[in-house]
Amino acid sequence: MGVKFGPLFREKGVTGQIVENLTILEGKIIAIDALVTLYEMLSIIRDRQGKPLRDSRGRITSHLVGLFNRTCRMLALGIKPVYVFDGPPHPLKLRTIQERHIRREEAEQKYIEALARGDFEEAKKYAKQAARVEDYMVSTAKTLLEYLGVPIIQAPHDGEAQAAFIVRKGDAYSVSSPDYDSFLYGSPRVIRGLRITKGGGRRGEEEIKEYTLDEVLTKLELTYEQLIDLAILIGTDFNPEGFPGIGPKRAYEYIKKYGNLERIVKLGLVRWRYPFEVDEIRAIFLNPPVTTNYKIEFKEPQREKIIEFLVEEHDFNPERVSNELEPVFKRLEREEKAGRQASLFDFFR
DNA sequence: CCTGATGA
DNA sequence: TCATCAGGG
């Protein structure tokens with residue numbers, strides 16, 4: 001997933017800004033692709049054999065553990081996450097999805113084999129690749145977020161597009177995503193590698209970095225439209241094959257030299273081999289289906305509901321739950337107090 | 001992923 | 001204070 005912009009961005013000096021301290025994001029609304037987050041949690045939060053965590057009734061809870069910890073930590077820091085859920089995929093994305101299915105099944109097979117011969121290291125590796133976000137995981141995640149008072153936005157199609165739209169409108173500060181694809185949807189800002197633990201770049205850890213579309217376009221000396229054409233040349237989720245012999249480097253060279261995709265095709269530098277027009281795939285990025293029907297409203301977490309849901313229903317350790325939850329309430333109290341003081345100040349002004 | 005314990 | 005590591009459900 002994600003257009004292979006990495007090498008090109010490095011070469012052109014698109015460095016982004018290191019987020020040294022998460023307090024920089026205090027009070028800011030961050031639009032998060034929910035499905036990507038759940039997938040991440042599900043594939044990483046595993047026991048030693050690579051099996052996901054489950055409750056006593058056998059239902060997977062890895063995604064809830066991760067989502068709960070991270071979301072609480074963000075709220076406690078005053079960072080405001082809104083989770084954007086995908087709708088049904090665009091038809092052009094189906095091939096990418098099928099491809100992922102195949103990869104997943106291969107990984108599943110290797111996982112079973114590794115487990116059978118007791119190679120837990122290998123098993124864990126393949127278990128990650130075989131991870132699949134199922135419907136019940138999405139719905140349990142939504143329930144948890146609802147109890148936490150965190151807004152959920154349902155995208156008509158691509159969550160990434162909806163998240164970008166929200167930032168473009170100024171309703172959120174940034175998209176948080178592992179890749180740069182939000183830029184293709186016009187998000188002015190993307191934060192990569194957003195985690196709660198320090199991650200100050202030591203021990204080869206990925207840093208938390210804030211990138212702007214401005215920087216990307218300036219350093220690459222491209223227009224936004226050209227960035228989209230560049231992505232299509234390299235290969236996107238909607239044309240994952242890209243073009244034979246064309247990688248990020250040559251794609252960039254062509255766009256710089258000839259300006260747009262039509263010219264490059266016309267000159268015979270690449271053969272257009274898709275059953276759709278250039279403009280059709282471009283439109284997915286330039287004009288994606290998004291909804292304006294959302295509201296970003298943070299409510300007070302429902303302590304009892306959360307405990308009932310996590311502890312009673314899914315066997316979470318109550319101590320751990322309150323260790324995460326109480327700092328959120330502490331924060332809320334402080335905010336309320338500050339708010340009262342501000343209005344008092346207004347009154348006497 | 002993230003925490004908390006442990007030991008330097 | 002920091003690095004390492006097990007364990008989470």
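Throughout, protein chains are lettered first and strands after them, A, B, ... in sequence-line order, and every chain is numbered starting at 1.
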Provide, to the nearest angstrom, the distance between the [atom1] atom belonging to [X] and the [atom2] atom belonging to [N].
X: A:L42; N: C:dG9; atom1: CG; atom2: C1'; answer: 13 Å
X: A:F68; N: C:dG7; atom1: CZ; atom2: P; answer: 22 Å
X: A:L64; N: C:dG8; atom1: CG; atom2: P; answer: 16 Å
X: A:E206; N: B:dC1; atom1: CD; atom2: P; answer: 10 Å
X: A:L53; N: B:dC1; atom1: CG; atom2: P; answer: 15 Å
X: A:F120; N: C:dG7; atom1: CZ; atom2: P; answer: 14 Å
X: A:N317; N: B:dT3; atom1: CG; atom2: P; answer: 15 Å
X: A:R46; N: C:dC5; atom1: CZ; atom2: P; answer: 22 Å

Answer with base, sugar-phosphate or nothing: what part of the nucleic acid does [X] contact at a heavy-atom distance below 4.0 Å?
X: A:R59; value: nothing
X: A:E40; value: nothing
X: A:D47; value: nothing
X: A:R57; value: nothing

(request) Verify the contact: side-chain N or O of A:R54 to OP1 or OP2 of C:dG9, cut-off strictly under 4.0 Å; return yes or no. (result)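 No.
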(request) Ignoring backbone atoms, test whether A:R73 places a side-chain nitrogen or oxygen under 4.0 Å from the OP1 or OP2 oxygen of B:dT3. (result)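 Yes.
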Residue [X], side-chain atoms from C-beta onward, closest of [options]:
X: A:T61; options: B:dC2, B:dC1, C:dG9; value: C:dG9
X: A:R48; options: C:dA6, C:dG9, B:dC1; value: C:dA6
X: A:T197; options: C:dA6, C:dG9, B:dT3; value: B:dT3

(message) The criterion is side-chain hydrogen bond (donor to acceptor under 3.5 Å, both in side chains); which residues satisfy it with A:D181, sequence neighbours excluded?
(response)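 Residues passing side-chain hydrogen bond (donor to acceptor under 3.5 Å, both in side chains) with A:D181: none at all.
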Taking atom types as modelled, find out whether [X] and [Y] have a side-chain donor-acceptor pair closer than 3.5 angstrom.
X: A:E160; Y: A:S177; answer: yes
X: A:T96; Y: A:D237; answer: no
X: A:R192; Y: A:Y180; answer: yes

(message) Given the ring of A:F329, does A:R303 sit roughly above its face, with NZ or CZ under 6.0 Å from the centre of the six-membered ring and within 45° of the axis?
(response)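 Pair A:R303/A:F329 counts as cation-pi.
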